[in-house]
Q: 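Mind looking over this structure? Questions follow.
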Number of protein chains: 2
Amino acid sequence: MPSNQPIARPQTDVAAELRAIALEMFAENGYSGTSLQQIAEAAGYSKSSVLYHFRSKEALFEEALAPSVAELDEFLGSIVAKVTSDGQRAQFTADFVDLLLEHRLAAHIIINQGQTLSDIPMVDRATGLIQRIGESFMSDLPTTKQRIRLGVALAGAAYILVASRPSLTEIDDIDEVREALIDVVGELITPLSS
Amino acid sequence: MPSNQPIARPQTDVAAELRAIALEMFAENGYSGTSLQQIAEAAGYSKSSVLYHFRSKEALFEEALAPSVAELDEFLGSIVAKVTSDGQRAQFTADFVDLLLEHRLAAHIIINQGQTLSDIPMVDRATGLIQRIGESFMSDLPTTKQRIRLGVALAGAAYILVASRPSLTEIDDIDEVREALIDVVGELITPLSS
DNA sequence: GCAGACGCTGACCGATCGGTCAGACTACGG
DNA sequence: CCGTAGTCTGACCGATCGGTCAGCGTCTGC
């Protein structure tokens, strides 16, 4: 029973392995602070091998970010419905927090290095999506204060979950943080329609 | 009437000029993304000149950050009084926002590159100070939700003022943003004592 | 007017950067 | 049993990195 794709994927997908390791190192030490040599060593391959699987350092970076950006795109699509329907604001908040938690590393990179790396297409696309998410709310927020409230909620949540040292988040149960965060963001967001 | 320091400082303090330019470039392109060559060119000097005024790239970086970190230290000292006295919470909030505004570039660097550059003493000192500011509040915040509320307020305000693209802040009058931000942070912080 | 300090520079250093390339080894289909 | 495609590697490339050093003017106090 032949199939049109390889009968068995190699047990270890080297490219995927490299993407994962690279994503972690780019988040930890920055894009320009991480060399192909370091990535190769961490993965147990040679630098040449990394460049065999990926056209360039930038290509590796983009492919490592791609899945997270794709989900961010999907998230933006699902927002439109929820923002207009008042009852689903809570669902949006939970989805937002969970998206950040699921894509910690990519979010860390976009948040902390987004401006610096704006000339990389994948990064530019991600920041564009984030901006559109903000705008989809902003459109019916007349006062500066309301807009700031939204900004503090989203940026504060993102930074706490993703970019801060353990200091603020501490060792508290991650689920406890998640729920508290959903509460606080919800408080800041829901009075916006009033 | 001789003095024990040079009678007249040179009209243009080259070291100070280099610190300012370097701070800007480190904030914009990251520490490892900024070379001494680039800094020298931007300042109109040679790379050798930069290294004449500063022992090393890291020394330049530290000296560029130093004034802001010193003020952060001062700020931490002034907090202790204000946190305990309930009436001065509003004053604290305004001071916090103004501190961020006054030291935009340094704050940008610490926020976005603090983790990556934690092995640089000045950066480590700054993150330590920030942590102590957080702890000075946390100490009498029993629930996770209250602590998250504080974290969202501080991190959100910091990120909006300092680290975001113009997207959220927009072209709105900076004073308008400042006041709205003080309002929102105040809302999040003041109910903490209840 | 001379000695020395100061500010600055180009030439140069070894190390490392991202990237190329010619092969080596393996596995598989004809 | 051979050819070919896929995977991986070391040797090598020019460019750039942070940093050193000898020496160039200029300015100043003696």
Side-chain angles (χ1 to χ4, degrees), chain A residues 1-19 21-23 25-26 28-64 113 116-117 119-123, chain B residues 1-23 25-26 28-65 113 116-117 119-123:
Chain A
M1 196 190 97
S3 75
N4 49 6
Q5 18 182 355
I7 299 186
R9 272 230 170 272
Q11 296 171 331
T12 60
D13 186 335
V14 178
E17 187 188 350
L18 289 174
R19 277 193 298 267
I21 290 178
L23 191 66
M25 298 185 72
F26 284 141
E28 184 140 355
N29 302 110
Y31 177 72
S32 61
T34 305
S35 70
L36 290 175
Q37 185 71 248
Q38 292 171 342
I39 295 172
E41 276 174 20
Y45 292 95
S46 70
K47 189 180 69 171
S48 302
S49 276
V50 176
L51 284 166
Y52 166 75
H53 289 285
F54 301 93
R55 212 177 327 113
S56 65
K57 183 187 181 184
E58 185 173 322
L60 166 58
F61 180 62
E62 294 208 281
E63 291 191 31
Q113 308 176 56
T116 298
L117 304 175
D119 52 342
I120 294 181
M122 186 65 66
V123 173
Chain B
M1 196 191 93
S3 75
N4 48 6
Q5 20 183 351
I7 299 186
R9 273 229 170 271
Q11 297 173 332
T12 59
D13 186 335
V14 177
E17 186 188 352
L18 288 175
R19 277 193 296 269
I21 291 179
L23 190 67
M25 298 184 73
F26 284 141
E28 184 140 355
N29 302 110
Y31 177 72
S32 61
T34 305
S35 70
L36 290 175
Q37 185 70 249
Q38 292 171 341
I39 295 172
E41 277 174 19
Y45 292 95
S46 71
K47 188 180 68 171
S48 302
S49 276
V50 177
L51 285 166
Y52 167 76
H53 289 284
F54 301 93
R55 211 178 327 112
S56 64
K57 183 186 180 183
E58 184 173 322
L60 167 57
F61 180 62
E62 294 207 282
E63 292 191 32
L65 280 183
Q113 307 176 58
T116 298
L117 304 176
D119 51 340
I120 294 181
M122 186 67 65
V123 173

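Everything numeric here is computed off the predicted structure, so don't read it as measured data. Proteins come first, then strands; the chains are lettered A, B, ... in the order of their sequence lines, and each starts at number 1.
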Q: State whether B:His53 places a side-chain N or O below 4.0 Å from either non-bridging phosphate oxygen (OP1 or OP2) of C:dC8.
A: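 Yes.
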Q: Ignoring backbone atoms, establish whether B:Ser49 has a side-chain N or O less than 4.0 Å from OP1 or OP2 of C:dC8.
A: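 Result: no.
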Q: With sequence neighbours excluded, what pairs up with A:Ser48 under the side-chain contact (heavy atoms from CB on, under 4.5 Å) test?
A: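 A:Ser48: side-chain contact (heavy atoms from CB on, under 4.5 Å) contacts with A:Ser46.
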Q: Compare every heavy atom of B:Leu65 with every heavy atom of B:Leu23, then report the nearest pair and how far apart it is.
A: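 Closest approach of B:Leu23 to B:Leu65, heavy atoms only: CD1-CD2, 3.9 Å.
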Q: Starting at OH of A:Tyr52 and ending at C1' of D:dA11, how long is that distance when rounded to a whole Å?
A: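 Interatomic distance, OH of A:Tyr52 to C1' of D:dA11: 20 Å.
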Q: Do any side-chain atoms of residues 49-63 of chain B form donor-acceptor pairs under 3.5 angstrom with protein atoms, and if so which ones, sequence neighbours left out?
A:
{"unit_1": "B:Ser56", "atom_1": "OG", "unit_2": "B:Ala59", "atom_2": "N", "d": "3.2"}
{"unit_1": "B:Lys57", "atom_1": "NZ", "unit_2": "B:Tyr31", "atom_2": "O", "d": "2.9"}
{"unit_1": "B:Lys57", "atom_1": "NZ", "unit_2": "B:Thr34", "atom_2": "O", "d": "2.8"}
{"unit_1": "B:Glu62", "atom_1": "OE2", "unit_2": "B:Met122", "atom_2": "N", "d": "2.7"}

Q: Do you know which two heavy atoms are closest between A:Gln113 and A:Phe26, and how far apart they sit?
A: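 Here A:Gln113 and A:Phe26 meet closest at NE2-O, 3.0 Å.
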Q: Donor-acceptor pairs under 3.5 Å, side chain of residues 37-44 of chain B to any protein atom, not counting sequence neighbours: which ones?
A:
{"unit_1": "B:Gln38", "atom_1": "OE1", "unit_2": "B:Ser35", "atom_2": "N", "d": "3.1"}

Q: With the sugar-phosphate defined as primed atoms, P, OP1 and OP2, and the base as all remaining atoms, what B/S/- string results for nucleotides 17-22 of chain C, 5' to 3', for protein heavy atoms under 4.0 Å?
A: SBBB--
